[in-house]
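One structure below.
Per chain, numbering begins at 1; letters A, B, ... match sequence-line order.
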Amino acid sequence: MLSVEVAGLKLENPVALASGILGSKKSSLVEIAKFAGAVVTKSVGIEKREGYKNPCVINQKCGVINAVGLASPGAKVFSEELKEISIKKPLIVSLFAPNPENFALLVDYFPFASAFELNLSCPHAKKLGMSIGVDEKAVESCVKAVKDATDKPVFAKLTPNVTDITKIGLAAEKGGADAVVAVNTLKAISIDIYSKKAVLSNIVGGISGKAIKSIALRCVWDLYEVLDIPIIGCGGISNWIDVLEFIMAGASFVQIGSAFYNSLRTIEGIVKSLEDYLYSKNERVKDLIGVAHGGV
Amino acid sequence: MLSVEVAGLKLENPVALASGILGSKKSSLVEIAKFAGAVVTKSVGIEKREGYKNPCVINQKCGVINAVGLASPGAKVFSEELKEISIKKPLIVSLFAPNPENFALLVDYFPFASAFELNLSCPHAKKLGMSIGVDEKAVESCVKAVKDATDKPVFAKLTPNVTDITKIGLAAEKGGADAVVAVNTLKAISIDIYSKKAVLSNIVGGISGKAIKSIALRCVWDLYEVLDIPIIGCGGISNWIDVLEFIMAGASFVQIGSAFYNSLRTIEGIVKSLEDYLYSKNERVKDLIGVAHGGV
Amino acid sequence: MEVYNLYCLSVKKVKKFNNIAIIEFDREIRGYPGQFIMLNVFGFEEIPLSLSSPKTITVKNVGKTTNRVVNTKEGDVFGIRGPFGRPFSYPDVEKIYLIAGGIGIAPLNYLYEYFKDEIEVIAIHGVKTKEELIYDYPEVATEDGSVGFRGNAVELFLKLADFKEEFRVYSCGPKPMLLSLYKIMKKLGKLESLEVSLENYMRCGIGLCGSCVTESGARVCRDGPTFKGTDVSEKDFI
Amino acid sequence: MEVYNLYCLSVKKVKKFNNIAIIEFDREIRGYPGQFIMLNVFGFEEIPLSLSSPKTITVKNVGKTTNRVVNTKEGDVFGIRGPFGRPFSYPDVEKIYLIAGGIGIAPLNYLYEYFKDEIEVIAIHGVKTKEELIYDYPEVATEDGSVGFRGNAVELFLKLADFKEEFRVYSCGPKPMLLSLYKIMKKLGKLESLEVSLENYMRCGIGLCGSCVTESGARVCRDGPTFKGTDVSEKDFI
Ligand SMILES: Cc1cc2nc3c(=O)[nH]c(=O)nc-3n(C[C@H](O)[C@H](O)[C@H](O)COP(=O)(O)OP(=O)(O)OC[C@H]3O[C@@H](n4cnc5c(N)ncnc54)[C@H](O)[C@@H]3O)c2cc1C
Ligand SMILES: Cc1cc2nc3c(=O)[nH]c(=O)nc-3n(C[C@H](O)[C@H](O)[C@H](O)COP(=O)(O)OP(=O)(O)OC[C@H]3O[C@@H](n4cnc5c(N)ncnc54)[C@H](O)[C@@H]3O)c2cc1C
Ligand SMILES: Cc1cc2nc3c(=O)[nH]c(=O)nc-3n(C[C@H](O)[C@H](O)[C@H](O)COP(=O)(O)O)c2cc1C
Ligand SMILES: Cc1cc2nc3c(=O)[nH]c(=O)nc-3n(C[C@H](O)[C@H](O)[C@H](O)COP(=O)(O)O)c2cc1C
Ligand code: FES
Ligand code: FES
């Protein structure tokens with residue numbers, strides 16, 4: 001009822017953990033994998049990166065603004081942390097790099113990965129993420145480089161900070177991506193009126209959470225209209241109704257990040273409610289993908 | 001303490017009504033102008049437009065999604081409605097048109113306007129608004145056409161649905177705009193999981209309200225870094241703290257739309273609180289514009 | 001911001017009269033008399049309709065969408081958002097008059113059911129001809145005199161009312177009828193005892209688009225649809 | 001989602017010891033013992049600090065930012081977000097032991113003040129040498145024996161405690177100290193009477209970034225910083 005299959009990956013349920021949320025330690029990944037359909041690790045690059053100074057995450061009523069700055073221990077250390085992880089769900093390793101060559105180099109550090117997700121969309125790390133993700137050619141060549149380096153499924157994570165996300169999605173598809181993930185955070189800022197300064201140490205960050213749900217959903221909708229490859233929905237999902245909205249808009253499964261604010265077991269609750277609802281309707285997730293587009 | 005001046009327009013306070021909210025009737029504009037620093041009318045085109053069928057506005061916890069579709073009685077009828085309006089605040093007339101020529105033609109219908117705002121940013125009306133607003137050349141030539149047709153201040157209202165809003169802002173500046181308004185709504189969608197359909201009759205709409213505040217604020221911030229002309233902030237403002245955040249990020253004044261949901265007198269409350277706060281700090285709005293950028 | 005998610009209800013029973021139908025849903029809609037819902041008629045438009053009781057709407061066929069609604073059948077599913085708007089105020093008196101013109105009976109019927117066991121409620125329904133009488137109120141006025149009082153609801157009210165008593169008047173109906181009632185109450189210096197429900201063209205239902213704004217600048221969807229007599233003026237009924 | 005807006009407080013009083021300072025703000029921070037705030041030290045970083053009373057923080061100089069904080073002066077302004085995290089649980093017994101190691105005294109001092117007039121609170125502070133004793137508790141342990149009991153806080157606790165009585169233990173301090181306490185309580189089968197406060201490296205403070213996650217997979221910032229003895233295991237103290 002809940003299971004889906006994307007690019008050969010079998011998911012017990014369509015609710016996965018998004019990259020960068022509680023995904024830098026084995027222990028939290030193991031906890032979350034108990035209920036999630038799949039887990040995505042924090043994005044990792046070849047070298048260690050400190051990330052930005054605190055404050056790097058602010059929560060607001062409708063969303064979270066972060067500029068963690070792709071803090072990462074580097075591929076070697078991170079692969080040590082993860083290698084003995086024992087979970088029964090697909091482990092998707094998220095990668096960031098400044099160019100196609102470096103993306104390709106990262107693959108070999110993670111032989112235990114079930115799939116790779118390319119972070120082409122972080123809105124606050126200079127020369128990484130979004131600066132690649134707004135450029136069709138760069139997206140295509142990064143995806144292609146990783147596809148050439150591995151037989152595993154490769155997902156391209158897109159940024160919504162573009163005039164037309166379908167162009168970037170098509171570029172990823174052309175590069176050979178097995179799926180796209182839509183979306184990463186939207187560029188945002190917060191100002192403290194008392195100190196008269198930007199709150200984040202990096203000034204600009206990316207907003208996630210409820211605030212971006214309808215925007216992310218629209219990205220999924222638009223991509224579904226033009227892509228042949230599956231879409232993985234992400235952005236502002238916090239309950240089972242949101243999950244179904246994304247699936248009906250065209251997502252094959254979804255990822256959840258900011259909603260972990262509520263509880264480490266956020267996904268457990270969502271999956272249970274989803275199951276109850278689908279049971280009552282006698283419907284299967286895989287039959288609902290994209291149904292809101294109507295017609296055949 | 002609260003007064004500001006932009007392009008020769010004197011505003012008693014920095015909180016104006018945004019276009020499209022309660023701005024199609026004289027009676028509501030008069031009510032709102034009692035407290036607002038200025039009012040902007042609903043966008044008007046030359047011909048009558050029905051707009052989209054209901055539902056065309058949905059409210060969610062963190063925002064409002066609308067696809068009113070630039071419903072308008074047309075320039076002639078609208079100018080009749082407005083011409084005898086008697087308010088003591090600047091009346092800014094918002095215009096939409098498919099090309100520079102038509103923008104220029106609209107000006108003559110509204111001799112009583114204090115300024116014009118060009119809607120280059122409506123995200124849901126085909127061939128109008130955003131389809132122009134994402135194109136630097138088109139923005140420049142529309143602004144130029146209106147500037148040539150009138151001596152009054154001309155504001156260009158920008159869309160945040162672009163990869164780089166500063167490019168569009170610079171194009172407006174080059175066209176001769178006296179200020180830019182940042183921003184209009186972000187493209188968004190909502191799906192009803194029971195009927196398995198998009199909720200809005202037009203499918204895609206634009207989201208406004210709290211959800212977009214930090215995104216709009218970041219647009220203002222980015223524009224302030226590159227533009228010489230003033231910026232008018234708009235998007236998700238619902239209290240006096242938000243107003244100050246926008247001003248410190250670089251807005252000379254702000255516009256408020258969705259927060260009218262709360263009350264027709266939303267602006268009255270905001271302005272009073274703002275005044276109390278600035279009084280306690282002995283500060284003036286005009287000295288706070290852009291202060292968060294620091295240094296000289 | 002309160003949220004008005006769309007949800008679905010299905011029709012349990014339809015009671016049809018010529019071009020009017022009383023439609024009963026399978027579940028209650030939590031609301032109060034005077035509030036309205038936005039009914040999403042899939043494939044047609046979303047239209048504002050008053051609640052005529054916790055489970056019913058009472059609809060008159062005046063166009064494409066209402067035509068579809070009036071001809072609905074048991075089991076049909078509609079989308080619903082709301083209820084929206086300000087309910088009628090609580091009558092802190094022992095006697096109230098409800099003055100309905102035509103389909104204006106819809107919100108007043110809910111008010112009637114809500115208070116009829118608590119205080120004295122005199123419901124007056126005025127229609128053109130007896131075919132339009134869809135509820136069984138004792139006080140009816142027909143323009144053609146086919147049943148009850150010959151004349152309109154306001155005339156009947158004037159006949160029945162004793163203005164030395166304390167009472168409140170709630171009214172809904174065509175604007176000319178509301179205008180004449182408003183003028184009368186104003187002359188009597190009793191505007192504070194009057195409450196009317198207005199029906200302007202609506203789009204958003206949440207006070208933003210401006211399409212329902214009255215001549216006084218108030219929003220029917222959010223500051224109304226019910227208004228105290230003291231909060232409206234003659235131009236609002238034109 | 002609760003909101004933690006940044007707001008500013010200014011310093012009213014500083015009580016400075018060598019490399020530790022007790023800093024009192026001009027206003028109370030609404031919170032409970034065991035909760036922490038994120039202190040934004042303008043020009044430096046934002047760091048997590050326990051509340052050591054409603055108006056104070058107690059800080060040890062261990063690096064750039066804490067150096068700035070410890071050397072603060074009256075009138076200095078700091079940004080504050082929070083309080084965050086789960087407070088210590090309510091002690092539903094008549095007697096509690098607080099076992100603090102070093103700067104671990106900060107959150108426990110708040111707990112002490114909160115309950116000292118209601119129940120019996122025995123606060124034990126263990127430090128290296130008497131210069132580090134910044135509060136006046138009767139029960140102190142110094143490693144060098146310069147004052148009070150010679151040894152650490154856990155050893156002193158073992159000396160004082162009567163395990164036939166019913167009590168609860170709240171502890172905060174260096175991980176090795178917490179580990180030894182944990183092992184003892186486990187052996188005694190009294191893990192449910194133990195509560196510890198952990199201090200892992202923090203970034204977001206709201207349970208998302210993962211940097212504070214323990215070896216058991218719990219988030220110190222959100223599922224803690226206080227944990228029941230039954231909810232942690234030995235590896236969390238390494
Ligand atoms: C607060 C409120 C409560 C109402 N309650 C009831 C009720 O309980 N029962 C009932 O039968 N009718 C009620 N109406 C009127 C009802 O909404 C309209 O009859 C209906 O929208 C017409 O739709 P249509 O497509 O069938 O007609 P159309 O062919 O679209 O138009 C027919 C007539 O209805 C008016 N109309 C169309 N759309 C709207 C709209 N969105 N809002 C207001 N008027 C509109 C038009 O101006 C025109 O005069 C109410 C209206 C409002 C504003
Ligand atoms: C929940 C909690 C409550 C705390 N309460 C107190 C308290 O009441 N009093 C007190 O003096 N200290 C407390 N600390 C520790 C305090 O946060 C660190 O000492 C401080 O962050 C060091 O900053 P620095 O720039 O001075 O040192 P740095 O030079 O950055 O580092 C010095 C040491 O502090 C650690 N550290 C640095 N940043 C952090 C961080 N963001 N979170 C945790 N550890 C960090 C480093 O790992 C290093 O060991 C608490 C920590 C946590 C997690
Ligand atoms: C604190 C934080 C850290 C993040 N780090 C990453 C990251 O390393 N790589 C990445 O691709 N996305 C990262 N993201 C983005 C999320 O994966 C996700 O795309 C985004 O938060 C939207 O989903 P949500 O609204 O469910 O949180 C991060 C988000 C947050 C809040
Ligand atoms: C119902 C509605 C109608 C709108 N119509 C217009 C319009 O006609 N022209 C325009 O430039 N902007 C229009 N907007 C956008 C607003 O002016 C404003 O840019 C946007 O709502 C963000 O501000 P807010 O968050 O304060 O509402 C409309 C917004 C809403 C919600
Ligand atoms: S219907 Fe939009 S303001 Fe009333
Ligand atoms: S500090 Fe980020 S999860 Fe705890």
Do [X] and [Y] come within less than 4.5 Å of each other through their side chains, counting heavy atoms only?
X        : Y        : value
B:Val204 : A:Arg218 : yes
A:Leu200 : A:Ile189 : no
B:Val64  : B:Thr185 : no
B:Leu223 : B:Val180 : yes
A:Cys142 : A:Leu120 : yes
A:Lys286 : A:Ser3   : yes
A:Tyr261 : A:Asn59  : yes

[X] portion near chain A, given a 4.5 angstrom heavy-atom threshold:
X        : answer
B:Ile165 : neither
B:Ile65  : side chain
B:Asp222 : side chain

query: Heavy atoms under 4.5 Å from chain A: which residues of residues 241-255 of chain B carry them?
result: B:Ile241, B:Leu244, B:Glu245, B:Met248, B:Ala249

statement: Among residues 269-277 of chain B, residues within the sub-4.5 Å heavy-atom range of chain A, in order of number, are B:Tyr277

task: Determine the minimum heavy-atom distance between B:Asn54 and B:Ser201, stating which atoms define it.
output: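 Where B:Asn54 meets B:Ser201 most closely, the heavy atoms are O-CB, 4.1 Å.
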
message: Taking B:Gly37's backbone N and O only, do any of them form a donor-acceptor pair with B:Asn13's side chain (distance below 3.5 Å, no angle check)?
response: yes

task: Spell out, as yes or no, whether a donor-acceptor pair under 3.5 Å connects the side chain of B:Thr163 to the backbone of A:Thr163.
output: yes

query: Looking at A:Asp164, A:Ile212, A:Ile203, which has the largest count of heavy-atom pairs under 4.5 Å with chain B?
result: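 Going by pairs under 4.5 Å, I would pick A:Ile203.
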
field: Salt-bridge present (A:Lys167, A:Glu136; N to O < 4.0 Å)
entry: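 Not counted as a salt bridge, because no side-chain N and carboxylate O are separated by less than 4.0 Å.
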
message: Quick one about A:Gln60 and B:Ser214 (side-chain donor to acceptor, distance below 3.5 Å, no hydrogens or angles considered), yes or no?
response: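 Yes.
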
- request: Could you check which of B:Lys213, B:Glu283, B:Lys197 has the highest count of heavy-atom pairs closer than 4.5 Å to chain A?
  value: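 Among the listed options, the one with the most contacts to chain A is B:Glu283.
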
- prompt: Counting heavy-atom pairs under 4.5 Å to chain A, which of B:Ile215, B:Leu217, B:Leu288, B:Ile193 comes out on top?
  reply: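 Between B:Ile215, B:Leu217, B:Leu288, B:Ile193, the count favours B:Ile193.
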
